[in-house]
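Below is one structure; the comments refer to it alone.
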Amino acid sequence: MSFTAEQLQRQGLTPEEYARIRALLGREPNGVELAIFGVMWSEHCSYKSSRLLLKQLPTEGAVVLQGPGENAGAIDAGDGWACVFKIESHNHPSYVEPFQGAATGVGGILRDIFTMGARPVAIMDSLRFGPLEADAAAGVAPPAAARNRTILHGVVAGISHYGNCFGVANLGGETMFDSGYSGNPLVNAFALGLARRDQIFYGRATGEGNPVIYVGAKTGRDGIHGATMASEEFSAASEAKRPNVQVGDPFLEKLLLEACLEAMASGAVVGIQDMGAAGLTSSSCEMGGRSGMGIDLDLDRVPQREAAMTAEEMMLSESQERMLLVAAAGREEEVFAIFRKWGLDAAVVGRVRAGGRLRVHHQGRLVADIPNAALTDEAPRYRRPAQAPAQAAAPPPAGWTAPASEEALLRLLASPNLASTALVYEQYDTTIGANTLTAPGSGAGVLRLPGGRRALAMALDGVGRYCRLDPRQGARLAVAEAARNVACTGARPVAATNCLNLGNPEKPAVMWQLQEVVAGMGEACRALDTPITGGNVSLYNETLGQGIDPTPVLGVVGLLELSGHPASWRPPAAYLPAPGRAVCLVSAAAGLDAGQARRRLGSSEYAATILRRVWGEPPALDLAREKALHDFLATAAGAELVDSASDVSRGGLAVCLAKCILSRPVTAPEIAPVGARLAWPEALAPEIAGDAELALFSEVPGWVVVSCEPAAVGELRGLAQHRGLDWYELGRTEREGSGGERLRIAGRGWKLDAAVPELAAAWRGGLAGALGETAGTPTAELVEAQA
Amino acid sequence: MKIGVVVFPGSNCDRDAHGAVVRAGQQAVWLWHGSAELEGVEAIILPGGFSYGDYLRTGAIARFSPIMEAVRRFAAQGGPVLGICNGFQILCEAGLLPGALLRNAGLRFVSRPVYLRVETADTPFTRACARGQVLRMPVAHGEGNYFADVATLAALEREHRVVFRYTDAAGNVTAGANPNGSRANIAGICNRERNVVGLMPHPERAIEPALGSEDGLALFHSLTLASAAIGA
């Protein structure tokens with residue numbers, strides 16, 4: 001049997017790859033085998049373009065229990081707990097069918113966590129959409145904007161539907177907008193679970209003769225070739241890919257969770273893996289591959305939802321909520337009883353065999369017989385040509401008239417990239433589990449561990465615009481920001497997971513971006529002691545040839561000690577909690593001269609939103625001092641010296657300070673609204689101190705605004721300076737009452753003086769305004785207005 | 001006191017309810033949906049979640065499970081029953097409480113902290129509260145919009161069977177304090193005999209200052225006072 005180029009293309013294989021298949025098998029593959037190779041050698045499953053690069057990443061550290069290669073990474077969280085976590089993309093399906101695409105993205109990452117024996121306790125999401133409002137100047141036509149709004153609503157509803165029903169706390173994430181994501185939304189889902197350290201399960205098929213048991217939903221024709229779809233660009237005909245998107249059932253997944261954890265606790269399970277991308281194919285060959293064993297599958301025993309499915313359809317189906325497990329021989333009935341109790345299908349569909357081959361039987365015939373290694377370790381790996389793009393960075397605009405600082409601040413706060421995302425996260429259950437210490441609305445979420453002696457802080461971050469201008473620096477900044485947000489809660493960042501979202505790697509410029517991103521990420525992870533324990537690479541994020549900015553999203557997890565604190569203690573907040581507090585700035589940044597500041601302003605939200613132009617370079621980063629900054633933040637919180645800590649990230653110092661005032665929980669009347677009277681410290685950067693635009697809107701990630709009791713200032717200054725960090729006092733919070741609070745910042749020759757209620761209205765209403773919504777629903781903002 | 005927490009397929013606040021009972025110093029036991037055995041419990045909690053996937057309608061399938069037959073008998077004998085969130089929806093579907101919970105007025109799931117005013121201390125779950133006391137705890141639901149016909153609403157008011165109302169922090173009933181469009185800002189009600197209580201907010205998630213509130217503990221503490229009263 002031989003195949004035409006067209007048949008190969010349908011399986012996503014090149015003629016060269018086909019030749020390699022023939023060499024590995026020593027014969028021609030049959031049609032089923034070709035389909036199996038096609039899906040396992042897809043970019044999505046094989047990482048053929050990125051695997052060689054990913055080897056550069058640090059993956060080991062003092063707390064790492066499991067690095068990349070398993071269903072998820074794991075770290076030692078103390079007190080006998082292992083924290084299992086990972087981030088994954090579901091970008092392509094979310095473009096084609098936003099609700100189900102996002103829902104099954106959540107479902108998939110949750111399965112990765114409980115496959116390891118861990119009960120999922122937190123999820124977060126990093127979302128990128130195209131602009132919500134038509135904008136002729138930026139080339140966003142009304143239909144594109146309408147489509148982007150539909151995608152946002154669908155994605156958020158899908159995450160809400162799946163996560164809330166499954167029953168896991170959503171601790172936030174990020175939501176950003178840029179025209180590059182218009183045809184290529186990004187949906188990156190992070191999940192974190194807890195297992196006892198000595199009870200982690202692995203995706204390994206061990207013990208010759210052990211039964212291979214299929215559990216969960218029946219297999220249907222949905223999601224066939226989903227992995228291949230995620231490995232190619234989209235065209236105008238991509239709507240027709242909708243049947244490739246799977247349909248999720250969170251209720252079934254919840255039952256699967258309980259049944260799997262109960263089966264694992266019984267001792268009858270020796271290995272387990274979820275059926276995600278490439279379903280039965282990847283789970284069986286990967287479980288065999290990891291243990292050096294083989295699996296014989298009998299497809300006639302697979303529970304089927306539809307009649308007359310072919311072997312190829314069954315092997316490639318991506319029906320959701322299914323798991324493959326290997327049980328100890330003789331204990332099948334125990335496993336069946338548990339799954340019956342939860343109302344789930346379970347069937348022996350094969351046996352573990354020596355010999356390291358995947359052998360598939362269908363209707364009495366052997367329809368595939370492939371060495372596991374040919375599908376996994378010996379999949380092709382490409383060193384694709386990489387070439388930095390020829391054009392130099394855009395020049396700065398020749399000149400512009402800066403709007404008044406107050407007006408610029410209001411416009412920034414109302415812009416979807418900086419506005420409150422309460423409209424999004426209020427659709428997610430954030431308190432289920434009764435362990436949420438810091439809910440969405442801060443830079444990081446904090447969740448208490450059982451026993452109450454420790455907590456885990458977690459954050460997702462990444463800025464595509466920084467990476468557009470300098471992918472290496474953008475990746476370093478993403479790592480540093482996620483770790484810094486974790487440190488702002490008082491936790492010590494210890495490990496990371498990454499989701500690399502890029503365009504078509506067959507284009508040398510994209511391959512160069514990937515190289516740079518991986519290099520920058522590796523460098524920062526090494527410097528900040530946050531090894532990568534797993535993650536995901538999503539390439540081919542292109543529609544009609546238009547690719548996204550390289551967008552690495554980093555998830556960083558940190559450990560927070562609670563045992564030294566009173567039981568009622570809560571981590572430092574992101575908001576200024578009361579009047580009369582000292583507002584200070586600790587800096588790990590190097591000095592900033594006027595030329596640097598002007599170049600870097602080009603990568604800011606201010607440039608993109610107010611000046612509507614992007615140029616120059618991303619902010620600088622001193623990784624050694626950054627590490628010292630994290631140590632300072634954890635130490636200061638541990639000593640209960642700080643009330644709040646927030647980094648000066650997107651939007652600059654003015655936006656940071658405004659959000660410190662605005663992000664207090666509006667339904668907590670004991671937390672009074674405050675204003676602040678502040679002075680921009682001349683010594684912070686003398687060359688820009690006289691330029692309000694640069695002083696207020698430069699994004700300087702090494703700056704962190706902290707607030708504290710005035711009496712604590714001296715001790716904090718000592719802790720900062722002892723670590724080589726710079727310390728500045730900006731002023732005090734104050735309360736005027738009756739809504740008369742103001743944010744006042746005075747600099748050399750300029751001042752910003754804005755009414756807090758106006759800032760609040762802009763910030764809280766920004767996203768709803770861009771979505772074209774009026775205040776139809778009672779919202780927390782109304783509660784405050786009434787209070 | 002021995003308190004049963006029912007586990008339906010799809011319950012996902014069962015562990016939190018169990019934890020709250022234990023934190024209140026009581027003994028918690030699991031009751032399985034497929035069994036009609038109540039294990040000698042002195043009170044029953046129907047926890048939040050998505051029982052049976054909430055297919056068809058929230059709580060519509062759960063009401064037919066074997067445990068609900070036992071819960072019905074237990075309630076008829078005066079046993080205290082608390083339905084939280086999905087548990088409230090099930091109690092309405094089962095006819096143990098009047099009215100229904102419709103889709104939120106905003107048509108979206110709503111998750112946020114809210115304030116509740118205790119409207120009556122005369123139930124087994126509010127005996128430790130004072131009438132007019134304001135409690136803070138989270139809501140997290142897509143279908144919590146309490147609805148009943150005019151006659152039923154009038155009866156609930158007349159018989160002081162509205163147990164909790166959404167208010168602002170100061171205890172004022174306002175439109176802005178109502179997260180889901182419930183009639184008369186109703187967050188929780190009881191039956192005529194006052195032993196069956198249902199509410200949409202989650203007291204089991206407000207049991208420690210570190211979680212932002214411990215106001216929810218009052219509902220679980222109330223039971224111990226109630227058991228003395230029932231015994232009398």
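All values below were derived from every heavy atom in this structure, side-chain atoms included, with hydrogens, water molecules and symmetry-related copies excluded. Order of the sequence lines sets the chain letters (A, B, ...), proteins ahead of strands, with each chain counted from 1.
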Under 4.5 Å from a heavy atom of chain A, the part of [X] involved:
X: B:S11; answer: backbone
X: B:P138; answer: side chain
X: B:E204; answer: backbone

Proximal component of [X], with respect to chain B [non-hydrogen, under 4.5 Å]:
X: A:N170; result: neither
X: A:W342; result: side chain
X: A:I432; result: both

Problem set entry | Smallest separation among heavy atoms of A:L437 and B:L211, with atom names |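 The answer is CD2-CD2, 4.3 Å.
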
For this session: Give the minimum heavy-atom separation between A:S568 and B:P209, together with the two atoms involved.
Result: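 In this case the closest contact between A:S568 and B:P209 is CB-CB, 3.6 Å.
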
For this session: Would you please indicate if the ring centroids of B:Y55 and A:F251 are separated by under 6.0 Å?
Result: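 So the answer is yes for these two rings.
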
For this session: Please check if atom CZ in B:R131 has more than 12 non-hydrogen atoms from other residues, nucleotides or ligands closer than 6.0 Å.
Result: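 Counting neighbours around CZ of B:R131, 12 or fewer heavy atoms of other residues, nucleotides or ligands fall under 6.0 Å, so no.
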
Exercise. Is A:R454 atom CZ crowded by more than 12 heavy atoms from other residues, nucleotides or ligands, each under 6.0 Å away?
Worked result: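 Yes - once you tally the heavy atoms of other residues, nucleotides and ligands closer than 6.0 Å, there are more than 12.
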
Exercise. Is any side-chain N of the basic residue among B:R205 and A:D429 closer than 4.0 Å to the acidic one's carboxylate O?
Worked result: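 The answer is yes: the pair qualifies as a salt bridge.
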
For this session: In plain terms, say whether A:R570 and B:E208 are close enough for a salt bridge, that is, a side-chain N and a carboxylate O under 4.0 Å apart.
Result: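 Here A:R570 does not pair with B:E208 in a salt bridge, since their nearest N and O are not under 4.0 Å apart.
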
Exercise. Highest number of heavy-atom pairs under 4.5 Å with chain B: which of A:G433, A:G167, A:A439?
Worked result: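 The answer is A:G433.
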
Exercise. What option among A:H565, A:E258, A:K341, A:R119 has the most heavy-atom pairs under 4.5 Å with chain B?
Worked result: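 Heavy-atom pair counts peak at A:R119.
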
Exercise. Under 3.5 Å, side chain of B:S111 to main-chain N/O of A:Y428, donor-acceptor pair present?
Worked result: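 Here the side-chain-to-backbone pair exists.
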
Exercise. Where along residues 152-162 of chain A does a heavy atom come under 4.5 Å of chain B, listed by residue number?
Worked result: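 Within residues 152-162 of chain A, the residues that come under 4.5 Å of chain B (heavy atoms only) are A:H153, A:S160.
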
For this session: Evaluate the side-chain contact (heavy atoms from CB on, under 4.5 Å) criterion for residues B:H202 and A:T431: first the C-alpha distance (whole Å), next the side-chain angles of each, then the deciding distance (0.1 Å), finally the verdict.
Result: CA-CA 9 Å; B:H202 287 280; A:T431 49; 5.9 Å; no

